[in-house]
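Heads up: the structure comes next, in structure tokens.
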Number of protein chains: 2
Amino acid sequence: MIDWDDFRNFLAIARHGTLSAAARSLKVRQSTIGRRLSAFEARLGVLLLQKTPRGFVLTPAGDVAFAEAEKMEAAAMAADRAITGRDVRLEGEIRLTTVETLAAELLTPILARFADKYPGITVKLITGTETLSLASREADLSVRLARPSGGDFVIRKLGDVGFGLYASASYLAEHSANTPDGARHRVIQMAGESAAFPEMVALTRRFPDGDIALRSDSRYVQLAACKADMGIACLAHYLTANTGLVCLADCEADREVWLVQHRDTHHMPRLKVLSAALSTGLRLGTGR
Amino acid sequence: MIDWDDFRNFLAIARHGTLSAAARSLKVRQSTIGRRLSAFEARLGVLLLQKTPRGFVLTPAGDVAFAEAEKMEAAAMAADRAITGRDVRLEGEIRLTTVETLAAELLTPILARFADKYPGITVKLITGTETLSLASREADLSVRLARPSGGDFVIRKLGDVGFGLYASASYLAEHSANTPDGARHRVIQMAGESAAFPEMVALTRRFPDGDIALRSDSRYVQLAACKADMGIACLAHYLTANTGLVCLADCEADREVWLVQHRDTHHMPRLKVLSAALSTGLRLGTGR
DNA sequence: AAATCGTTATGCATTTTTGCATGGGGAAGA
DNA sequence: TCTTCCCCATGCAAAAATGCATAACGATTT
């Protein structure tokens, strides 16, 4: 019979479109992926992926193989979750993902106390913009700024985060006097897709004619820019405490904070205790 | 992530109970299987199979892994069928399985003509007692002596096979005179589970007190024994033509002959033409 | 048009996996 | 009790897979 792992390689290529991208996702070399695909197709006697200028694209035969390979993947991930979900030790690693500011400002102190209480458990705090998959066990717990929809998840609301429009005192001294309200202000924005976040949309609505002083996906860069008198930033209240920045207005676009994990790992003791610690440790309000 | 092929190894061990048996089924060495299982469990950090005096048995964690691995297998087999089922060439190999006597006496002449007509197609005629799996593509077509139940098969009735109770003239000369009917006759039987075949049950019912002269699962051995005056055998009528054996009675336990293939490969041209050749070439009646 | 970036193919060295052979440990049978 | 058979573990050699380096190709930009 055919090596099941060849289906995984095939799936990766079909998803990413190129051998190189698939190789990166599987943490092997491009040459490996390419040779395995060739061997796989040779054994089947069928071409599954056709090389085009834009990368690899599925043939009709590849289409049906793709659908079945996805079923294999679902079963493999379920098995992985089910097996590791049986781990009842209060030891080992927990991978927790969330956004950088929440991690640094609010989660770190909680995790410090948690580490004292459970020395056997190591928390790996992963921050980043891309959402890691709980289904494929890239992470165990996730603190997200939106209510997750769909999927086989167990969710728990941790609170709300309120945002405000902030500027430095010296920026305001220079601008508020000689400009009519809302015009000719300079704003600090997100870059790319993140500009569609509710609070950032509120910022744009409030200052539709404002110049963009700076774009950055990093809240810390935005905060620093704001402190450096570059303009008005939309920042979470918890982030601006003790910075001396002036809050011009509330954003009225609160974001809910949710703790998410997969149902298959829900009963794992070490996840339960961390979940509880986060739930009781995080005292979040809108900040108003 | 985990090598998907490790799930296949695990599945084989769980099914066969020993490393050696699993290794045989996968056509690798026992040492390979054993080392892969060890590595697999080490990576998962969980014991899936426990070694007992009677072989390997699933742990609770192994149970859930087993269920998911079976789903992976089903998807893998479906993919294999779907892919190879797209083969539209009137060339290549067809694996046809059936029982030995049918193959030798009735199928071979049909296949001889078929080979002339389609020189590009090679038929591999596999005979044996164990039923090969069409679902896992161990075979493409199967001629069976019973109507298959369940499964995703396309079936077609080819006819009926009638059986009779046969004996040699010299055996009868010696026995029918000095024994009352049905008593003290010597019968030739199947061995093991095959004794439960309808026609063999009929044989036993007819001669409940008969001595067992010989047991064999081979119809050809039974035929030879019958010719050698060893006793009464239950044989298909088509097998006894021109042998000089005397038919004492019909068995009244006809067996239906069915041609079976998997739905996914049903439209394959080369299977279609062989199916048609078998259907028109086999002129089967009960022989009465 | 040239340059740059990202891609795939291929030869070669290295690493990893597998096969093979052997030894030890039970269980069934003589 | 002593074979005999089948099982698993392990060292070592052979084979296979992988990584690495490089070359060729195409698209996009300067």
Side-chain angles (χ1 to χ4, degrees), chain A residues 1-59 61-62 65-66 69 72 76 130 191-192 215, chain B residues 1-59 61-62 65-66 69 72 76 130 191-192 215:
Chain A
M1 207 203 285
I2 287 158
D3 189 328
W4 286 7
D5 218 41
D6 280 335
F7 281 105
R8 189 158 64 110
N9 286 302
F10 159 71
L11 198 58
I13 303 169
R15 286 221 179 97
H16 293 93
T18 69
L19 298 184
S20 304
R24 277 191 294 275
S25 79
L26 294 178
K27 300 192 205 305
V28 292
R29 299 295 141 196
Q30 149 266 135
S31 49
T32 302
I33 293 274
R35 284 188 276 234
R36 291 198 72 158
L37 176 64
S38 302
F40 190 39
E41 292 180 328
R43 252 173 304 191
L44 292 172
V46 178
L47 196 73
L48 297 175
L49 290 158
Q50 208 153 23
K51 214 172 69 175
T52 72
R54 256 179 270 298
F56 286 82
V57 64
L58 287 165
T59 63
F66 186 78
M72 289 184 73
E130 69 278 11
R215 279 192 185 279
Chain B
M1 209 203 284
I2 288 157
D3 189 328
W4 287 7
D5 218 41
D6 281 335
F7 282 106
R8 189 158 63 109
N9 287 300
F10 159 70
L11 198 57
I13 303 169
R15 286 224 179 95
H16 293 94
T18 71
L19 297 184
S20 303
R24 277 190 294 274
S25 79
L26 294 177
K27 300 191 204 306
V28 291
R29 299 294 137 194
Q30 148 266 137
S31 49
T32 302
I33 292 276
R35 285 188 278 233
R36 292 197 72 159
L37 177 64
S38 303
F40 189 40
E41 291 179 329
R43 252 173 304 192
L44 292 173
V46 177
L47 196 73
L48 297 174
L49 290 158
Q50 209 153 23
K51 216 169 61 176
T52 73
R54 255 179 269 299
F56 286 85
V57 63
L58 287 166
T59 63
F66 185 79
M72 288 184 73
E130 69 279 10
R215 281 192 184 278

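Just so it is clear: chains get the letters A, B, ... in the order the sequence lines come, proteins before strands, and each one is counted from 1.
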Fill in the blank from the handout: To the nearest angstrom, the NZ-P distance between A:K51 and C:dT7 comes to 13 Å
Exercise for the section: Rounded to the nearest 0.5 Å, what's the gap from CG on B:L11 to CZ on B:R8? Could you check? Expected result: 9.5 Å
Problem - Partners meeting salt bridge (Lys or Arg N to Asp or Glu O under 4.0 Å) with A:R36 (sequence neighbours left out) - result: A:D3, A:D5, A:D6
Donor-acceptor list for residues 50-57 of chain A side chains, cut-off 3.5 Å, not counting sequence neighbours:
from: A:T52; atom 1: OG1; to: A:R54; atom 2: N; distance (Å): 3.2
from: A:T52; atom 1: OG1; to: A:G55; atom 2: N; distance (Å): 3.3
from: A:T52; atom 1: OG1; to: A:G55; atom 2: O; distance (Å): 2.6

Exercise for the section: Kindly write out the residues that satisfy side chain to side chain contact (heavy atoms under 4.5 Å, CB included) with B:A14, not counting sequence neighbours, or none if the list is empty. Expected result: B:L49, B:L58, B:F66
Exercise for the section: Only counting residues at least two apart or in another chain, list the ones meeting side chain to side chain contact (heavy atoms under 4.5 Å, CB included) with B:S38. Expected result: none
Under 3.5 Å, which donor-acceptor pairs link side chains of residues 17-33 of chain B to any protein atom two or more places apart or in another chain?
from: B:T18; atom 1: OG1; to: B:A21; atom 2: N; distance (Å): 3.0
from: B:S25; atom 1: OG; to: B:A22; atom 2: O; distance (Å): 2.8
from: B:S31; atom 1: OG; to: B:R35; atom 2: NH2; distance (Å): 3.4

Problem - Of residues 5-27 of chain B, the positions that come close to DNA chain C - non-hydrogen atoms, cut-off under 4.0 Å - result: none
Problem - Proximity to the side chain of B:R36 - top-ranked nucleotide from C:dT18, D:dT18, C:dT8 - result: C:dT18
Handout entry: Atom-to-atom span, CD1 of B:I33 to P of D:dC7 - whole angstrom
Key = 13 Å
Problem - Pairs involving residues 12-21 of chain A, ordered by first then second residue, that meet salt bridge (Lys or Arg N to Asp or Glu O under 4.0 Å) (sequence neighbours left out) - result: A:R15-A:E70, A:R15-A:E73
Completion exercise
To the nearest angstrom, the CG-P distance between B:D3 and C:dT16 comes to 15 Å
Completion exercise
Residue set satisfying side chain to side chain contact (heavy atoms under 4.5 Å, CB included) with B:A39, at least two apart, ordered chain then number -> B:R43
Exercise for the section: Please state how far atom CD in B:Q50 lies from atom P in D:dC7, giving the value in whole angstrom units. Expected result: 20 Å
Problem - Separation of D:dC8 P from B:L49 CG (nearest whole Å) - result: 11 Å
So which protein N/O to nucleotides 20-24 of chain D N/O distances come out below 3.5 Å?
from: D:dC20; atom 1: OP2; to: A:R29; atom 2: NE; distance (Å): 2.7
from: D:dC20; atom 1: OP2; to: A:R29; atom 2: NH2; distance (Å): 2.9
from: D:dC20; atom 1: N4; to: A:S31; atom 2: OG; distance (Å): 3.2

Completion exercise
Per-helix bend value, the helix from C:dA1-D:dT30 to C:dA30-D:dT1, C1' rotation axes over five pairs per end, 10° rounding, shows 20°
Completion exercise
Residues pairing under ring-ring contact (aromatic ring centres under 6.0 Å, His included) where one sits in residues 1-33 of chain A, two or more places apart or in two chains, turn out to be A:F7-A:F40
Might you list the N or O atoms of the protein lying below 3.5 Å from N or O atoms in nucleotides 23-28 of chain C, with each pair's distance?
none

